[in-house]
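Bear in mind that the values here come from a model prediction, so they are computed numbers and not experimental data.
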Amino acid sequence: MESSASGDGSSATTAAVAAAAAVASSSSGPSTSASAFSAGVSGGASATHYLAKRVLHGSAVQHVARGHFRSEHLWEIVLCKGTSLELVVVGEDGVLQSICEQSTFGIVKDVGVLDWRFKHFGIWPEIEGKEILVLLSDSGKLSLLYFCCQMHRFIPIGNIELSKPGNMRDQLGRILAIDHDSAWVAISAYEDAFAVVRVGRTQHVYGPNKEIVEKAKIVHAVYKTSDIRGTVWSMCFMRTRCSMDEYYPVVAMIINRKGSDANDLSMYALAANDGGIQYLSGYSEPGPLALEIAEIPQLDGFGLLFRAGDILIVDLRDPKDICCTIRISMTGSLVGEQISVEDSCRGLDVDDDVAACALLELRDSGNNIMMDDSYMAIDGADNPGSMKSRVICSWSWEPDAVRGQPRLIFCLDDGEFHILEFNWDTEGLKVLPERVHRGLPCKPLLWMDRGMIAGFVEMGDGMILHLEHGRLVHRSTVQNVGPILDLAIADYHGEKQDQLFSCCGMCPEGSLRVIRNGVNVEKLLRTEPIYQGVTGLWTLRMKKTDTYHSFLVLAFVEETRILSVGLSFKDISDAVGFQTEVCTLACGLIADGLLVQIHSKGVKLCLPTSYAHPEGATLTSPVCVDWYPDVTISVGAVGHDVVAVATSNPCCLYILRVRPLSSLQYELYETQHVQLQYEVSCISIPEEDLRLRTSSSAFGGDFRKRKGNNSAAEVDVRMFAVIGTHKPSVEVISLEPDEAFRLLSIGSISVNNALGAPVSGCIPENVRFVASERFYILAGLRNGMLLRFESGTSKDQYLPGSFYKESFAPSLNALLQLVAIRHIGITPVGLVPLHDSANSDIIVLSDRSWLLYASRHSLAYSSISFLPASHVTPVSSVDCPSGLLFVAENCLHLVEMVHGKRLNAQKFSVGGTPRKVLYHSDSRTLLVMRTGLTGASCSSDIVQIDPNNGILLSRFKCELGETAKCIQIAKIGSEQVLIVGTSKSTDRPMMPNGEAESIKGRLIVLSLDTLGSPHECSSFIPTSNLSSSSHTGSFPEIVGYANEDFSSNSMCSSPDDICYNQIQFEQIAGHLRSLTHVTFTGAVLAVYPYLDRYVLAAAGNTLSVFGFVNENPHRMKKYAVSRTRFTITCLKTYASQIAAGDCRDGVLFYSYHENLRKLELVYADPAQRLVGDVVLLDCETAVVSDRRGSISVLSCPGLEVSESPEKNLAVQCSFFMGEIAMSIQKAAFKYRLPIGDETDPVLESAYNCVVASTLLGSVFVMIPLTSEEHQLLQDVQERLSLHPLTAPILGNDHAEFRRRGIPSGVPSILDGDMLVQFLELTSEQQQTVLDDGSSVKAPHRSISVFQVMRMLERVHYALN
């Protein structure tokens, strides 16, 4: 079945990682649908085409910017994370909440903000009142972006080309600075080159009929110089006393001249006479190495010179006569002491600049476009030696500081935070220092409004701090899972788990994270499975203004029960008055204190007693009034002062109202009764009374402005309801009491019956009115589809004219246009708002649960990390103000949705640095290898951890001075063992050139037979004494308790409070027992089991094969040895094939001849490759990541090439991620697909998928495709990469970025991040993209929107 307006959807694919365990299911049958991702199912043959999609954006923040991006009244923060941007806000509670996240398709180098809010009003309406985000990237362009509220993302308004290709050291694109007036931007290269750019904008040119003849655009002028002759470390604009007619603007720069051991402060300016950049003067003060320069706000001409160990305040008012006025020393400061301020800086001792050089390398390591040989840094020591001088690693100015008293907060590399306050009086400049905090060193650092300060830790969790009484107080934690050093995907054999175990961070912030897919929910309570046959679930308030819900209504097939709301539920059905022996179809609050129940035989109005609610009637029994129609009621809805019910035979619609007769006496009476042509399938009445609406909050915009009235006028909107019909259609009807029945708007659902599909599938199951940036209507169909309808409105009104009672009433009904359609599942779709407001986000129920973002453009939703549920309702109580109650697996589940939590990850602090993690399926525990421990007994060990609660069950300690490097589980006969490779030295195991160091290492065999098992308990199943059946009529009190021993989150905690447990060593049950060991010349960096009877070990550049005599794990014997040119860093096997990752020569394929006891090199990598990790998909195909940010698929060549003496592997396809993947795993997905009605829903699998994790905290998934699927999506990708709404925001060539470093002629892996943008467009925009064939190099061919949507929906569904 296909809609005539196939279309749309948007995917907020914010899930952490998809369910990566392939589970066997006896119910699965052969696929009868078109093969999706079928390349991996064809008898084990490996695919040659792949799609790579990032399912978890990186969390390591490298740059931050503060500004008014959505509105002039809102402060927001942009987090730049390498290849992605995230817009966030900090709430009143200090919790960082994510608004949107998007890929940049390029690597961001620096960020700034242009404040054009108060300039040139009316010039460019789209960006009026907003600040402009400025990005510098590897594209070689200066990108100017504004936030588009309709698309809910940043959109470029200009890309100024600076250099091409933009990724060389002497090309512009490393550091930017923006002047105080937001008119000039300074850009530098890594060395030698520098430029200033004047930026401005034109305005729209309108025609005689107010149509736009020429759109507004960015205008610029670029002034360059290549005479710097050194490396630029820092720069900023300075306001000086120079005449603007002579020199303007003036830029101060910290430069390391070639051949010099010190850094100079140099002044450059744009000469007004010839437009060239001139050198004005230089300044060099004896002492520590200069690192950065910053202008002091409000004090024109004064700057801060940050050096290794002190700060100099320099007078730059005359740029040709620079002098130092104050020196602030930090070298000798101790905890609790004030930093010292000196009036003179003459005669300082020259300090060692090694620490500062290391700092510069660290500062640029995250975004070094050359990615040189410093890649080994992540493999080195966990506790580098402390620096001599205390270096300022980050700083930020106070926004909106008191006039004349600017304040600076800075963080030292030892974790101390200080504030400097500057005062200018008649005696000159004075500085007041104050130490305010001691914690982890942060970089970057941002001072926000309301005294909030955000600090981001490079390899650990960041923090939100609040300045209170001269001290910083911790308010919340900002999760950061980067770097991910290793990951494990558990095969739970049908246990419905979808989690990934990852080693995150480094000492002292190392942790084990359990990352789950979807929107996070905190599981608070689960009852016994006694709720069979639930047909409806609602929560009701006693009054409309009540903060919390009072009643929980449960409807069964032949029964209804009402429970009080809270963690302790009790049955109060008799005190409420609802009829209990019937199935409730709908219920609601019609007026304060009056509840309405709709069932098949009638409508019941109830006034509960004081036993049910303290504000109820003080009577022994509730007051009840009934209304009965002549026929059976099929559906109904309750709204403010109105009830709507519909019957099926005949098809009638009744409108009821209530009026008081006397004290405690009411009457339900019929106001309208109309017979319809088609049966009504569902009814929805907006919760809010929109008839006399003067506030704009419900609509996410200025309602009065859209309406065209003045601020005191009231908006006179008709009372209305939305209905779904069996036509099928979605219709809006008037509920005005003084008017006859009137159809206000209609949207038809066209059905394609060419395949004989039933019309019943397109009947709406649920409808919902949503008021956001613009109004629209959602419809969930019975066939699992979700539709979005909109109506054209004039520019001076928000709703269609038919919705207004007087001046805007047209003569004809407004037509609803189907603008978006998605296959959300395979079962009927339910729509449940999180709140009563018209702009509330909505939970979408089908065979899975999704969260739909109401304010987003088109249809944007994310999966909810919870079981498939049949019903859900929001529930608010004193104990849990933001709860949700799901019905799943015949149980009631009370959960709390954590909106502000940016990552759905549970944290276990493990101490030291977790390097490797394995999932042991027999014991259902984790084996974690740790380094960098601070204990006296050992610096490295292997521990067994219970993943439910983080309890440490057993441990093996390495010898003193020994460091574990790798672990793998192997099976020797009937016994499982753990193979451990170690290094006997704490130094690096290899030289910078890739050759092995002359150190010793060990191969250790540990027994796993004595592994302790976790307790038979779950952190998410609290105890409950609920044991009665819903059919017995007895509902005792329900009590649930969150088990504090196992749950890492407190109930209803702050949204970004991290799930966190410290590993508890006192609970160790035993020790891992060593069976045998072998000593090597060289550190053992990789081990792997082979053919179920051998073990492979790589020590230095030596690859060895070990066996066990008579399958005795105590007797290990070496059978074969082979050597490579450089150090082997990783090993993987598949059947008899061996893949070794050489740190320089790439992937090498070996074969072991058992009869000859010989290792033979079969195939070699065609190019040198800095291998990060490798995985074998089959005997002929390997996927390898390198430390320059790429991932490639290599395979054995065909027979016609195999006779070549080089015997090189063939590169099948490659993909430049822009991030270094240190761990890649083979995975298999099994998921239930939402497919068309021409076939039965079936289970499909996609084998040979690859999951890769990166140092920035991203997770990528590669899915195999057929040739036909690849060609189709490649055409779509090319079109999307050039469409204005979906092209890379950095202005770069998308194909060039994804093919960076890839040899010519090698196919590129498709970019899932680019393709899913197709789902964010409306149907009309999607068709426009596909109709534009100018962007496709191949001959233009017609592509169906439905065909593309169906394929991308499968990808989206699988990865969520």
Side-chain angles (χ1 to χ4, degrees), residues 376 378-383 483 485-488 501-508 510-512 910-920 925-945 952-970 977-990 996-997 999-1008 1011 1063 1065 1068 1071-1089 1095-1100 1104 1106 1116 1127-1131 1173 1222-1223:
M376 303 257 184
I378 198 72
D379 302 319
D382 296 279
N383 297 304
L485 302 180
D486 193 25
L487 59 86
F501 304 105
S502 59
C503 295
C504 302
M506 295 188 71
C507 182
S511 62
L512 180 68
V910 297
T913 301
R915 295 280 182 173
K916 299 290 181 182
V917 59
L918 299 173
Y919 177 73
H920 187 245
T925 58
L926 301 175
L927 297 170
V928 180
M929 185 189 82
R930 304 185 302 169
T931 62
L933 303 178
T934 57
S937 59
C938 71
S939 61
S940 181
D941 64 5
I942 291 90
V943 293
Q944 180 199 12
I945 297 175
L952 193 149
L953 302 174
S954 56
R955 182 184 188 192
F956 173 80
K957 297 181 181 180
C958 295
E959 295 179 355
L960 193 63
E962 185 178 35
T963 302
K965 293 294 182 180
C966 54
I967 55 174
Q968 283 293 337
I969 298 174
V977 296
L978 183 68
I979 310 297
V980 182
T982 73
S983 170
K984 299 286 285 184
S985 171
T986 57
D987 295 332
R988 295 185 184 276
M990 67 188 84
E997 292 280 6
I999 57 178
K1000 297 291 184 179
R1002 285 201 302 165
L1003 178 67
I1004 308 172
V1005 181
L1006 304 180
S1007 173
L1008 295 182
L1011 278 187
I1063 296 299
F1065 290 96
I1068 297 179
H1071 293 275
L1072 297 171
R1073 181 167 52 92
S1074 174
L1075 300 178
T1076 185
H1077 73 272
V1078 177
T1079 302
F1080 288 83
T1081 302
V1084 181
L1085 299 183
V1087 294
Y1088 212 81
V1095 170
L1096 303 175
S1104 304
F1106 286 87
M1116 189 162 51
T1127 305
I1128 300 173
T1129 58
C1130 54
L1131 286 173
D1173 198 9
M1222 292 299 297
S1223 176

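Atom CE of Met929 is separated from atom CD of Gln968 by 10.5 Å, given to the nearest 0.5 angstrom. One distance of note links SG of Cys504 with CG of Leu512; it measures 7.5 Å at 0.5 Å rounding. The distance from the OG1 atom of Thr963 to the CG atom of Leu933 is 9.5 Å, given to the nearest 0.5 Å. With rounding to the nearest 0.5 Å, the separation of OG in Ser940 from CD in Glu962 is 8.0 Å. To the nearest 0.5 Å, atom CG of residue Leu953 and atom CG of residue Leu926 are 9.5 Å apart.
Between Ser1074 and Leu1006, some side-chain heavy-atom pair lies under the 4.5 Å cut-off. Contact of the Val910 side chain with the Val943 side chain is not registered, since no non-hydrogen atoms from C-beta on lie closer than 4.5 Å. No side-chain heavy atom of Val977 sits less than 4.5 Å from a side-chain heavy atom of Leu1008. You'll find the side chain of Ile999 reaches within 4.5 Å of the side chain of Ser983, heavy atoms only. At a threshold of 4.5 Å between non-hydrogen side-chain atoms, the residues Leu978 and Gln944 do not count as touching. You'll find the side chain of Lys965 stays beyond 4.5 Å of the side chain of Val1084, heavy atoms only. Contact of the Lys984 side chain with the Glu959 side chain is registered, since non-hydrogen atoms from C-beta on lie closer than 4.5 Å. Under the 4.5 Å side-chain criterion, counting only non-hydrogen atoms from C-beta, Val980 is not in contact with Phe956.
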Give the intermediate values and the outcome of side chain to side chain contact (heavy atoms under 4.5 Å, CB included) for residues Leu1003 and His1077. CA-CA 5 Å; Leu1003 178 67; His1077 73 272; over 6 Å; no
Using salt bridge (charged side-chain N to carboxylate O under 4.0 Å, His left out), reason through Asp941 and Arg930 one step at a time and then give a plain yes or no. CA-CA 5 Å; Asp941 64 5; Arg930 304 185 302 169; 2.6 Å; yes
Could you walk me through whether Ile967 and Ile979 pass the side chain to side chain contact (heavy atoms under 4.5 Å, CB included) test, one step at a time? CA-CA 5 Å; Ile967 55 174; Ile979 310 297; over 6 Å; no
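Taking each heavy atom of Asp1173 and Cys1130 in turn, the nearest pair found is OD1-CB, 3.8 Å. Nearest approach of Ser1007 to Leu1072, heavy atoms of both residues: O-CD2, 4.1 Å. Between Leu485 and Gly505, the shortest heavy-atom distance links the atoms CD1-O, 4.0 Å. For the pair Glu997 and Arg988, the tightest heavy-atom approach, listed with the atom from each and the gap, is CG-O, 3.3 Å. Across every non-hydrogen atom of Phe1106 and Met1116, the tightest pair is CD2-CG, 3.7 Å. The minimum heavy-atom distance linking Met506 with Pro483 is given by the pair CG-CG, 4.3 Å.
With sequence neighbours excluded, the residues satisfying side-chain contact (heavy atoms from CB on, under 4.5 Å) with Thr1127 are Met990, Ala996, Leu1085, Cys1143. By the side chain to side chain donor-acceptor pair (under 3.5 Å) test, Asp486 pairs with Ser1223, sequence neighbours left out.
Between Phe501 and Tyr919, the two ring planes are parallel [angle under 30°; tilted spans 30° to 60°].
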